[in-house]
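Reviewing the structure listed below.
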Amino acid sequence: MSVNKKLVVVSILLICGALSGLAWRYFKSVKIESKQLVFDFSFESLKEKPNIVPLLVLGSGPASLAAALYGSRTNIRTVVIKGNQPGGQLTGTSYIENWPGVRKIRGTEIIKDCEEQAARFGAIMVSDSVQSVDFTQWPYKVITEEGKELHALSLFIGTGATPRKLGIPGEWKYFGKGVTTCAICDAPFHKGDEVVVIGGGDSAVEEAIELSSYARQIRMLVRGDVMRASPTMIDRLADCSNVKIVYNTTITEIYGVDDHVKGIQVINTKTNEKEEWKDVKGVFLAIGHIPNTQIFNGQLETTKEGYLKMLGRSHHTSQKGVFAAGDVSDPRYKQAGVAAGDGIKGGLDAVWWLSESGFSDSLQKDLEPFFFDPRLDNKIDMQRINNIAELDELIAHNLDKIIIVDFYTKFCPSCIHMMPVLEWAGTKLKDKVICVKVDGIASLDLTSHFEAPGVPYFVVLKKGKQVGATQDMMNREEMYNFIKKHL
Ligand code: NDP
């Protein structure tokens, strides 16, 4: 056969290979139309989207980590964006005595255990937080503070709640300089000081107890004439002789000097009588929380207090495929155990919704190369080789490494699918392997030299000699093992 004839045959084979890849993918399609959105769970519709996440979990408190556990344990690729306060409010509390099955444990330990448990089943933890979400398109677009654009097939929201502030003069000016919402963090800085705790709920009692080992005098300001805290918690105050409860009193101003709190003004809520307490050096706020739902404003239904609304007894929000649990949607219980239990329900709701909508193991396998994977942030850059001379030069400079040549054509779906698979495996083995790509049609001399039977086609070169080749469609692990066996 003449060289020209050989090139024509190779070109036809390449085009046939590309078309068969297209046909192979085309028939896997499940399309669901909702009010405004089309949920098209097919490889064809999703493969163009970079950074796909089947289940994206926002937040890393007990609700989020429980949802992530159920997502990942069902083998659904689950990514957790940990948020600005990783672990949520539990990491700011001291010991927890009502986590079922454990007599006494630190909040931070609960979070560590939950995170490790979810990660063990494959959940990927990302230290970043969400800046915006767009629920007008599906897959849902999520932008992170580090600038990543993710495309979530389903979402679980466990963004929790933020401690409420008073809005009085001096509060912001001296925040972090004597004014705080976290006794466990700041109590040790108040050895021998006079401090106040604002609020009469369980959190306020906890703050006072924590402070009692450090501060000289702690006055709890309760604005009404009853405390909201549970009787068991109030009983505990009996052991703290330096804690005094002051009823019908609230704070109106915080003063400072040299960047530190030095006194406060209080008011009697019954008589309106004002008083100055000049020696107060610490103000601990424990007046409840505001749900962290601001980034969902206008996109998800909330209660008038801002909590996410759930559909019936489920953990489905007002948007299809978007679920929530924990303090972001629970104005009543606000317990770590409840959040974890509800997180399980939300995680299961997400898993069931994905499956009912057409998400399957085989689709997940096909989509794997397009998944967001922060572990690949330092991904190799696959150089393009255009002719035999360039390849020879590369070989001459890398005799200690294996070279994988990936033959592709621009419009071949299987090639688009396999290139990130090779990049992934190549990144994992980057000390021993170099991966390059060859456009099978633009570089026919290379295609002909290696007698590529179609695309994608992978050739393995060791010290310039071909030691392996394959046309197989592989997932990441299979590609990794294929390369490894030639090392
Ligand atoms: P709560 O809403 O229960 O209590 C808030 C307290 O702050 C109330 O005393 C409230 O007064 C007071 N308050 C609110 N706004 C102001 C204001 N502007 N000025 C002065 N006082 C104000 O919040 P918590 O954070 O204490 O508790 C939330 C939930 O978490 C509860 O369900 C609680 O049981 C639970 N929790 C449980 C713990 C445990 O079991 N270990 C520990 C901590 C919390 P008023 O009563 O007048 O409204």
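No hydrogens, no waters, no symmetry mates; every other heavy atom, side chains included, goes into these values. Computed from a predicted model, the values in this text were never measured in an experiment.
Looking at heavy atoms from C-beta onward, Leu487 lies in side-chain contact with Leu429 at the 4.5 angstrom threshold. Between Thr447 and Phe407, some side-chain heavy-atom pair lies under the 4.5 Å cut-off. In this structure, the side chains of Leu444 and Leu446 stay at 4.5 Å or more apart for every pair of heavy atoms. Side chains of Ile385 and Ser443 form no contact here, defined as non-hydrogen atoms less than 4.5 Å apart.
Not counting sequence neighbours, Ser314 has no partner by the side-chain hydrogen bond (donor to acceptor under 3.5 Å, both in side chains) test.
Two rings, from Trp352 and Tyr70, have their centers 6.0 Å or more apart. The distance between the ring centers of Phe323 and His315 does not fall below 6.0 angstrom.
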**Request:** Check the pair Gln319 / Leu37 against side-chain contact (heavy atoms from CB on, under 4.5 Å), numbers first and verdict last.
**Result:** CA-CA 10 Å; Gln319 186 69 37; Leu37 297 172; 3.4 Å; yes
**Request:** Apply side-chain contact (heavy atoms from CB on, under 4.5 Å) to Lys432 and Asp400, showing your working.
**Result:** CA-CA 8 Å; Lys432 297 172 187 148; Asp400 56 334; over 6 Å; no
**Request:** Could you check Leu422 against Met382 for side-chain contact (heavy atoms from CB on, under 4.5 Å), going step by step and ending with a plain yes or no?
**Result:** CA-CA 9 Å; Leu422 178 61; Met382 259 171 71; 3.7 Å; yes
**Audit row: Glu115, Lys82, salt bridge (charged side-chain N to carboxylate O under 4.0 Å, His left out) steps and yes/no** = CA-CA 10 Å; Glu115 198 176 309; Lys82 289 167 75 169; 3.1 Å; yes
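Remark: the backbone N or O of Val351 is not paired with any side-chain donor or acceptor of Ser355 at under 3.5 angstrom. The main-chain N or O of Ile441 is found under 3.5 Å from a side-chain atom of Asp439 such that the two form a donor-acceptor pair. Between the Glu390 side chain and the Asn386 main chain, a donor and an acceptor come within less than 3.5 Å of each other. Without hydrogens or angle criteria, His397 side chain to Glu393 main chain gives a donor-acceptor distance under 3.5 Å. Asp330 places a side-chain N or O within donor-acceptor distance of the main-chain N or O of Tyr333, the cut-off being under 3.5 Å. Without hydrogens or angle criteria, Ser64 side chain to Val57 main chain gives no donor-acceptor distance under 3.5 Å. Of the possible donor and acceptor atoms, none in the side chain of Thr181 sits under 3.5 Å from a partner among the backbone N and O of Leu285. With hydrogens and angles disregarded, a donor-acceptor distance shorter than 3.5 Å links the side chain of Ser72 to the backbone of Leu69. Under a 3.5 Å cut-off, the side chain of Glu207 and the backbone N or O of Ala187 do not form any donor-acceptor pair. Using a distance-only test at 3.5 Å, with no hydrogens or angles considered, no donor-acceptor pair links the side chain of Thr293 to the main chain of Phe296.
Separation of atoms CZ (Phe121) and OG1 (Thr74) is listed at 10.0 Å; rounding is to 0.5 Å. Rounding to the nearest 0.5 Å gives a distance of 9.5 Å between CG of Leu90 and CG of Leu65. In this structure, CD on Gln466 lies 9.5 Å from NE2 on His486, to the nearest 0.5 angstrom. The structure places CG of Leu55 at 4.5 Å from OG1 of Thr78, a figure rounded to the nearest 0.5 Å. Atom CD1 of residue Ile105 and atom CZ of residue Arg103 lie 13.0 Å apart, to the nearest 0.5 angstrom. Distance check, rounded to the nearest 0.5 Å: CD of Glu478 to CG of Asp472 gives 8.5 Å.
Residue pairs satisfying the disulfide bond (SG atoms under 2.5 Å apart) criterion with at least one member in residues 413-459, sequence neighbours excluded, are listed as follows: Cys412-Cys415.
When every heavy atom of Ser129 is checked against every heavy atom of Ile81, the shortest pair comes out as CA-CG2, 3.7 Å. Heavy-atom minimum distance, Val455 versus Gln471: N-NE2, 4.3 Å.
Remark: Arg77 fails to qualify as a cation-pi partner of Phe371 under the 6.0 Å distance and 45° angle criteria applied to the six-membered ring. A cation-pi contact, defined as under 6.0 Å to the ring centre and within 45° of the axis, links Lys428 to Tyr480.
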Could you pull out all donor-acceptor pairs under 3.5 Å where a side-chain atom in residues 147-167 meets a protein atom, sequence neighbours excluded?
unit_1, atom_1, unit_2, atom_2, d
Lys148, NZ, Glu146, OE1, 3.2
Glu149, OE2, His151, NE2, 3.1
His151, ND1, Pro50, O, 2.7
Ser154, OG, Pro54, O, 2.8
Thr159, OG1, Asn292, O, 2.9
Thr162, OG1, Asn292, OD1, 2.4
Thr162, OG1, Asn292, ND2, 3.2
Arg164, NE, Ile287, O, 3.4
Arg164, NH2, His289, O, 3.2
Lys165, NZ, Pro163, O, 3.3

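The aromatic rings of Phe135 and Tyr140 sit perpendicular to each other, their planes meeting at more than 60°, with 30° as the lower class boundary. Aromatic ring orientation, Phe175 versus Trp172: tilted (interplanar angle from 30° to 60°).
Side-chain atoms of Asn297 and Gln294 include no donor-acceptor pair closer than 3.5 Å. Of the N and O atoms on the side chains of Glu44 and Ser42, not one donor lies less than 3.5 Å from an acceptor on the other residue.
A salt bridge does not link Glu116 with Arg120: none of the charged nitrogens is closer than 4.0 Å to a carboxylate oxygen.
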